[in-house]
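Notes follow the structure.
Since we're looking at a predicted model, the values are computed, not measured. In what follows, chains carry the letters A, B, and so on, assigned in the order in which the sequence lines appear, proteins first and then strands, with residues in each chain numbered from 1.
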Amino acid sequence: MPLPSVAKPRRISLLSESQHTASSLIDSTIFASSSFPQTQFSNHPPNPQGHHNSKRQALTFPPFKRLVGQCFHGAPASYYASLIQSCITRKAIKPGKQLHSHLCQMGLGFNTFLATKLVNMYCVCGSLWNAHHLFDRIPKRNLFLWNVLIRGYAWNGPYEVAIALYNQMFDCGLVPDRYTFPFVLKACSALSAIEVGRKIHERVVYTMCETDVYVGAALIDMYAKCCCPQSARRVFDKIEERDAVLWNSMLAAYTQNGHPDESLALCSEMVLAGLRPTEATLVTVISASADIVALPAGKELHGFSLRNGFESNDKVKTALVDMYAKSGSVKVARTLFERLGEKRVVSWNAMITGYAMHGYAAEALDLFEKMKGGGAVTDHITFVGVLGACSRGGLLDKGLMFFDFMVREYHIEPTVQHYTCMVDLLGHCGQLNKAYNLIKEMKVMPDSGVWGALLNSCKIHGHVELAELAVEKLMELEPDEAGHYVILSNIYAQAGMWEGVARLRKLMIDKGIKKSIACSWIEVRNKVHAFLSGDTSHPNSAAIYAELKRLGGLMAEAGYVPSTDSVFHDVEDDEKTNMVCSHSERLAIAFGLISTEPGTRLLITKNLRICEDCHIAIKFISKITEREITIRDVNRYHHFKDGLCSCGDYW
DNA sequence: GTAGGGTTAG
């Protein structure tokens, strides 16, 4: 925003001026100076080139000091309040501090009204130490003051202090009000502190604030961040007069907790209830449609946003880039990405990770270079995309270089996701010991994703010892997940260690662990068709199996040799279907081939990780049929594993 | 006389 061009500070009598004029004066006096750095008033971090060094600030502030010294004697508190407000609006802590010091000289430093404004000023500027220090010295603390400080901590952290202050309020005989709750609940959201959050909810009910939309939205957000969407829904249902933000909060609660279908359905209800979707509504539900890989729903939302004046909204457009990229339409995503008015880090990340997800390693890395060249801010998610691209593309040297680059140049501490990419990359390239050493060096606790990446690599390279170690860790982290046992069993089978296969099978029976049912689905002409492994319930089942058999013959001619390593997993299903491998993704592909025009791209979604043999088979099918086939895992959505997917019933 | 809530990448 360009700064106003008033050059000289005016010297006038202020006592008869309105607050608005006082505010304008301080604006023009302090902030109009062309030498004052613009970044001082923005949310951006200080310029590393040091544009606002002490010399420049010294040049800027004297006019304000003169103003303070010459004009303020006898001014009413409301006048000072408006000056502090100017500092708050511009997040200008230095003039604010000067004003604070002046008020102390005038004996107004602990005036509750003005001091509360000053505490707010320090909070808004992120200087919680100053805010708290002043708070401690104010003799008469009212509820308003407590709320201001709690809000400061809820915005800036440490969040625990916001909760501690909330508890201290009671000791001082104060009762929280409808303003207190959203602040303290925000701190609970940040900490995922569900127990504290529930206690606060009890207090909300006790103080009859449950139907307030602001409190309600904060409660919904708290339950959403604590992975309790059902509790969020109960709050939502109790509020009769709902505004758009309340609806948006509930939509986000569903989207964030892996219920994109519920989010889309609720959005329809919102429109039927007569509410106009806002930017946040669209961003949330477009994100939901990306998670569900429901391209028709996503396209519909794209159309809706165009018709309702969001065509030039960059946040909505970024959500669309993400949706198209995740759905495999990377070209459409790129076109939209290029049309963005301002490319923010989120937009770059959506495009880079979209490329990485679908194996376009060169495009992802090329875009990353463009991002760096344009001087865009880079964050840890950018590197999840970059390292993911290297991992998918088998680019070992580049992956190692970027990992090093991220730590040394960008000072980004690697997260568990970065390590997962690196273990996957090293492991796939056969450097299993290096992958294991990297896990041992990790500063963060390795999760099931990291050990799973190592286990998968062990399967590819037949490394029994490390696979046993990885499964041992995975059994601790996810004791009921059948997939880990199955993979180890297959590794034993590959190595001819049949006693190991038998031992694992017994272990699974003893523990009562059943393997998850793999489900894949494909959308053809606006209808979703879902398939289970070995499924024969589809009306076109006979034609699907005939197509699979035909493909099997063509693939054999093209040199495809089915892998025999998956004995534990596959033989039972395949015996039922005359030895045609009928994994769910292959059924979905066969159905897609007989139901769509030649040349149509096929997008299959799968709820479990695709096996290596199907990976190879799909490459053959793609080559033979000249079709682009994309498989997307959505295995993070647990509800797909609960048997909800049956043919055609999903919608 | 001062204050409040939601959304965007793997």
Side-chain angles (χ1 to χ4, degrees), chain A residues 19 76-82 84-85 88 111-121 123-124 142-152 154-155 177-186 189 209 212-222 224-225 232 243-253 255-256 263 277-288 290-291 313-323 325-326 344-354 356-357 364 379-389 391-392 415-418 420-421 449 633 636:
Chain A
Q19 282 186 22
S78 60
Y79 172 73
Y80 294 114
S82 100
I84 302 170
Q85 193 59 47
I88 292 169
N111 169 301
T112 306
F113 172 59
L114 290 175
T116 304
K117 275 260 176 208
L118 285 168
V119 170
N120 190 25
M121 187 271 295
C123 287
V124 167
N142 55 24
L143 181 61
F144 194 101
L145 176 62
W146 282 85
N147 284 348
V148 165
L149 193 65
I150 291 173
R151 185 186 65 160
W155 281 355
D177 67 356
R178 66 198 171 94
Y179 294 102
T180 323
F181 294 125
F183 306 143
V184 70
L185 286 167
K186 198 172 180 64
S189 299
C209 289
D212 182 281
V213 280
Y214 290 87
V215 178
L219 276 169
I220 290 170
D221 183 53
M222 184 274 293
K225 298 276 162 41
D243 67 354
V245 177
L246 197 78
W247 283 91
N248 292 346
S249 309
M250 196 58 232
L251 294 173
T255 307
Q256 288 164 4
S263 178
T278 64
E279 174 192 282
T281 318
L282 283 167
V283 169
T284 307
V285 291
I286 290 168
S287 167
D291 285 343
N313 183 308
D314 280 348
K315 288 184 182 178
V316 172
K317 228 186 262 177
T318 295
L320 288 167
V321 168
D322 178 50
M323 186 274 293
K326 274 184 177 166
R344 301 176 72 115
V345 63
V346 182
S347 323
W348 289 97
N349 290 350
M351 200 61 238
I352 291 172
T353 48
M357 187 186 286
D379 69 4
H380 72 283
I381 302 290
T382 317
F383 282 95
V384 171
V386 168
L387 298 176
S391 169
R392 289 283 179 117
T415 66
V416 75
Q417 293 112 311
H418 300 122
T420 306
C421 292
D633 292 342
R636 60 194 162 124

Taking any heavy-atom pair under 4.0 Å as a contact, classify V213(A): base, sugar-phosphate, or nothing. base

Looking at every strand, decide which applies to M357(A) at a 4.0 Å heavy-atom threshold: base, sugar-phosphate, or nothing. sugar-phosphate

Measure the distance from CG on L114(A) to C1' on dT2(B) and round it to the nearest whole Å. 10 Å

side-chain contact (heavy atoms from CB on, under 4.5 Å) with V346(A): which residues, sequence neighbours excluded? T318(A)

Check every strand shown and say whether K225(A) touches a base, only sugar-phosphate, or nothing at a heavy-atom separation below 4.0 Å. sugar-phosphate

T284(A) has its side chain closest, among dT7(B), dG5(B), dA3(B), to dT7(B)

Mind checking ring pair (Phe, Tyr, Trp, His ring centres under 6.0 Å) for F183(A) and listing every partner two or more places apart, or none if nothing turns up? none

All heavy atoms of R178(A) vs all of V215(A), minimum pair found to be O-CG2, 3.5 Å

Is any side-chain heavy atom of N147(A) closer than 4.5 Å to a side-chain heavy atom of D177(A)? yes

Does any non-hydrogen side-chain atom of S249(A) lie less than 4.5 Å from one of D221(A)? no

Separation of atom NZ in K315(A) from atom P in dA9(B), rounded to whole Å: 12 Å

Between dA3(B), dG1(B), dT7(B), spot the one nearest the side chain of F113(A), thanks. dG1(B)

Applying a 4.0 Å non-hydrogen cut-off, can you work out what W155(A) is touching in the nucleic acid: base, sugar-phosphate, or nothing? sugar-phosphate

Rounded to the nearest angstrom, tell me the gap between atom CD in E279(A) and atom P in dG5(B). 16 Å

Do D243(A) side-chain and dG5(B) base share a donor-acceptor contact under 3.5 Å? yes

Using a 4.0 Å heavy-atom cut-off, does V245(A) contact any base of the nucleic acid, only the sugar-phosphate backbone, or nothing at all? base

If I compare all heavy atoms of A350(A) with all of D322(A), which pair ends up nearest, and what's the gap? CB-CB, 4.0 Å

Starting at atom CG of L143(A), determine the distance to atom C1' of dG4(B), rounded to an integer number of angstrom. 12 Å

Output the rounded distance in Å from NZ (K326(A)) to P (dT8(B)). 10 Å

Nearest to the side chain of F183(A) - dG4(B), dA9(B), dT2(B)? dG4(B)

Looking at every strand, decide which applies to A252(A) at a 4.0 Å heavy-atom threshold: base, sugar-phosphate, or nothing. sugar-phosphate

S287(A) side-chain N/O to dA9(B) phosphate OP1/OP2 under 4.0 Å: yes

Roughly, in whole Å, what's the span from CG in L387(A) to P in dA9(B)? 19 Å

Whole-Å gap separating P (dG5(B)) and CD1 (I220(A)): 15 Å

Once you apply a heavy-atom cut-off of 4.0 Å, does T278(A) come out as touching a base, just sugar-phosphate, or nothing? base

Between T284(A) and S287(A): side-chain donor-acceptor atoms closer than 3.5 Å: no

Applying a 4.0 Å non-hydrogen cut-off, can you work out what T116(A) is touching in the nucleic acid: base, sugar-phosphate, or nothing? base

Donor-acceptor pair under 3.5 Å, Y214(A) side chain vs dG4(B) base: yes

Does D322(A) get its side chain close enough to the base of dA9(B), under 3.5 Å, for a donor-acceptor pair? no

P182(A) side chain: which of dG5(B), dA9(B), dA3(B) is closest? dG5(B)

Donor-acceptor pair under 3.5 Å: do we get one between D212(A)'s side chain and the base of dG4(B)? yes

Contact class for R151(A) vs. all strands (heavy atom < 4.0 Å): base, sugar-phosphate, or nothing? sugar-phosphate

Between Q256(A) and dT7(B), does any side-chain N or O lie under 4.0 Å from OP1 or OP2? yes

Between CD of Q85(A) and C1' of dA3(B) the distance, given in whole Å, is 10 Å

